[in-house]
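Here's the structure we're looking at; comments come further down.
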Number of protein chains: 2
Amino acid sequence: MVVIVGKADPRPAYLRIADDLRSRIVDGTLPPGTRLPSRAQLAREYGVAESVALEAMRLLVSEGFVETRPGSGSYVRRRPQVRRLVRSWYREKRGDSPFRADMAAQGRQGSWESHSETTTAPPVIAERLGVPPGEPVMRTNYVFYADGEPVMLSTSYEPLTITRNTPIVLPEEGPYAGKGVVERMAAIGVNVTHAAEAVTARPVLAPEAELLKVPTGTTIIRIARTYYADERAVETADITIPADRYEIIYHIPVGD
Amino acid sequence: MVVIVGKADPRPAYLRIADDLRSRIVDGTLPPGTRLPSRAQLAREYGVAESVALEAMRLLVSEGFVETRPGSGSYVRRRPQVRRLVRSWYREKRGDSPFRADMAAQGRQGSWESHSETTTAPPVIAERLGVPPGEPVMRTNYVFYADGEPVMLSTSYEPLTITRNTPIVLPEEGPYAGKGVVERMAAIGVNVTHAAEAVTARPVLAPEAELLKVPTGTTIIRIARTYYADERAVETADITIPADRYEIIYHIPVGD
DNA sequence: TCGAATTTGTGCGTATGTATC
DNA sequence: GGATACATACGCACAAATTCG
């Protein structure tokens with residue numbers, strides 16, 4: 001089939017082709033897994049050079065609608081099953097590690113690796129913790145796994161003025177290892193009352209991509225989480241999650 | 001300067017160039033606003049054809065690191081000032097439009113355009129609303145502006161079984177126009193008790209980019225919000241926000 | 001098992017239009 | 001107005017992976 005274009009189409013040809021295919025993907029005419037026409041076919045159908053068809057495909061790939069397999073063809077992308085991470089207060093009340101409980105709720109096995117060291121608070125972190133820049137903090141880097149696959153990164157900071165000389169100074173050692181911030185802080189008499197999470201998103205950077213084993217250019221969600229005991233910040237963390245695998249669920253009570 | 005490449009470099013040339021520039025952008029050697037070498041310059045420096053330099057730049061644009069200005073040059077993207085959108089229950093209690101109140105809190109003037117029509121619920125929406133697919137719903141498309149600049153898109157769905165023959169059937173007409181879902185539903189005796197928001201993120205699509213006036217390659221945050229009266233869903237909406245302009249704040253009480 | 005055809009990935013060179021400076 | 005820079009488009013070439021007879 002050769003598509004005859006109107007003369008007065010203002011949009012570039014590669015955008016027209018991409019829009020055309022995209023709308024057919026979105027409306028279900030081209031379901032996931034469908035093989036799309038090859039570059040040569042598209043070029044013939046739309047009456048353009050092969051390089052224009054190539055441009056259209058590249059755009060759809062960068063938008064996440066299409067994946068290509070060299071030598072085989074281009075296919076409507078099958079979305080990986082989107083899993084949910086629930087971030088609400090009641091995840092804190094289960095006695096187990098919040099992450100492991102989240103994973104168990106989905107029938108997956110949660111595990112993690114971590115590394116802690118004392119350092120000084122960078123300006124951004126100091127501001128979030130409400131302490132002077134350079135204040136000593138315990139920094140802990142985590143890689144979280146679900147069924148052995150990396151799914152989340154986290155870098156946590158706790159002021160040593162709170163945890164020094166307590167059994168919980170190292171988050172992943174001692175009787176409260178892996179128990180979650182709320183439970184650990186409770187063990188030293190610090191009563192966590194609420195948390196604030198600031199959600200942003202951006203393209204993944206190379207070091208993160210390597211740890212999460214995702215291709216560069218994919219989108220990640222970044223959560224800056226801070227736990228408070230009344231008005232005092234007691235922990236803050238930067239959490240990184242691949243956006244195409246997880247959605248983050250917040251429950252918001254509509255109080256009086 | 002001409003960069004001599006080792007013979008055994010496995011990566012394609014355009015990726016090497018992109019990786020090189022990207023790392024210099026990320027580590028601050030090329031700060032935001034810096035003008036990058038032109039295609040012709042890059043081609044000379046790296047000893048490749050101009051089309052290869054073009055490919056590298058396109059990749060960086062699609063990743064959101066670079067923006068191009070025709071006739072002028074390519075520049076490290078300046079991150080606009082990040083503003084905050086607070087999504088917590090108390091934003092519902094202010095009597096005014098929640099969006100206008102959010103904007104007023106930042107010293108900006110909020111406004112919006114909307115268009116409502118009755119339609120039938122697509123499968124995904126029907127599932128969120130807990131109604132059979134094809135159920136009649138009121139769909140309203142919004143474009144929200146801050147100081148005249150588009151900052152948020154929203155598509156809202158309300159089952160007509162709830163609002164038919166009431167004064168609020170059209171969200172943006174009548175005495176409760178622009179008042180927010182909680183207040184509008186209260187006006188017909190529906191007591192909204194909580195909301196759930198599912199947060200995801202992905203690259204912006206061409207049609208959205210046009211409405212939001214953002215360059216292609218930026219990241220957007222997408223929120224699927226559903227309001228509930230006890231267990232019954234009374235409204236659901238898809239909200240689209242440019243991730244480089246806003247971060248989304250959630251407050252999470254840590255209850256007993 | 002082999003080989004030919006197909007398909008994507010990468011790269012080169014050219015041309016034209018339009019925006020900027 | 002001229003030089004520069006990006007945007008789009010055309011056409012070609014070859015490598016590598018896949019497919020299929």
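Order of the sequence lines fixes the chain letters, A, B, ..., with proteins taken first and strands second; residue numbering starts at 1 for each chain.
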Next on the checklist: When you compare the side chain of Val199(A) with that of Tyr250(A), does any pair of heavy atoms fall below 4.5 Å?
Outcome noted: yes
Checklist entry - Are Arg16(A) and Asp19(A) ion-paired here, with the side-chain N under 4.0 Å from a carboxylate O? => result no
Checklist outcome for this item: Each nucleotide of nucleotides 9-21 of chain D classed B (base within 4.0 Å of a protein heavy atom), S (only sugar-phosphate) or -, in 5' to 3' order, makes SBB-----BBS--
Checklist entry - Between which nucleotides of DNA chain C, 5' to 3', does chain B make heavy-atom contacts below 4.0 Å? => result dT10(C) to dC21(C)
Checklist entry - Quick one: side-chain contact (heavy atoms from CB on, under 4.5 Å) partners of Arg128(A), sequence neighbours excluded? => result Val124(A), Ile125(A), Ala224(A), Thr226(A), Thr236(A), Asp238(A)
Checklist entry - Is the side chain of Glu63(A) donor-acceptor paired with the backbone N or O of Pro203(B) at a distance under 3.5 Å, no angle test? => result no
Next on the checklist: Taking salt bridge (charged side-chain N to carboxylate O under 4.0 Å, His left out) as the definition, give me every residue that meets it alongside Arg108(A), ordered by chain and number, with sequence neighbours left out.
Outcome noted: Asp147(A), Glu149(A)
Item to check | Residue pairs, two or more places apart or on separate chains, that pass salt bridge (Lys or Arg N to Asp or Glu O under 4.0 Å) and touch residues 27-43 of chain A | outcome: Arg39(A)-Glu50(A)
Checklist entry - Is any side-chain nitrogen or oxygen of Ser74(B) closer than 4.0 Å to OP1 or OP2 of dC6(D)? => result yes
Next on the checklist: I'd like to know whether Ser156(B) forms a side-chain hydrogen bond (donor to acceptor under 3.5 Å, both in side chains) with Glu235(B), so could you lay out the CA-CA distance, the side-chain angles of the two residues, the decisive distance to 0.1 Å, and finally the verdict.
Outcome noted: CA-CA 7 Å; Ser156(B) 157; Glu235(B) 192 254 16; 2.8 Å; yes
Item to check | Parallel, tilted or perpendicular: rings of Phe99(A) and Trp112(A) (30°, 60°) | outcome: perpendicular
Next on the checklist: Does Glu127(B), at its CD atom, have more than 12 non-hydrogen atoms belonging to other residues, nucleotides or ligands within less than 6.0 Å?
Outcome noted: no
Checklist entry - Do the side chain of Gln106(A) and the main chain of Arg84(A) share a donor and acceptor less than 3.5 angstrom apart? => result yes
Next on the checklist: Short of 4.0 Å, heavy atom to strand atom, which residues of residues 55-65 of chain A count as contacting DNA chain C?
Outcome noted: none
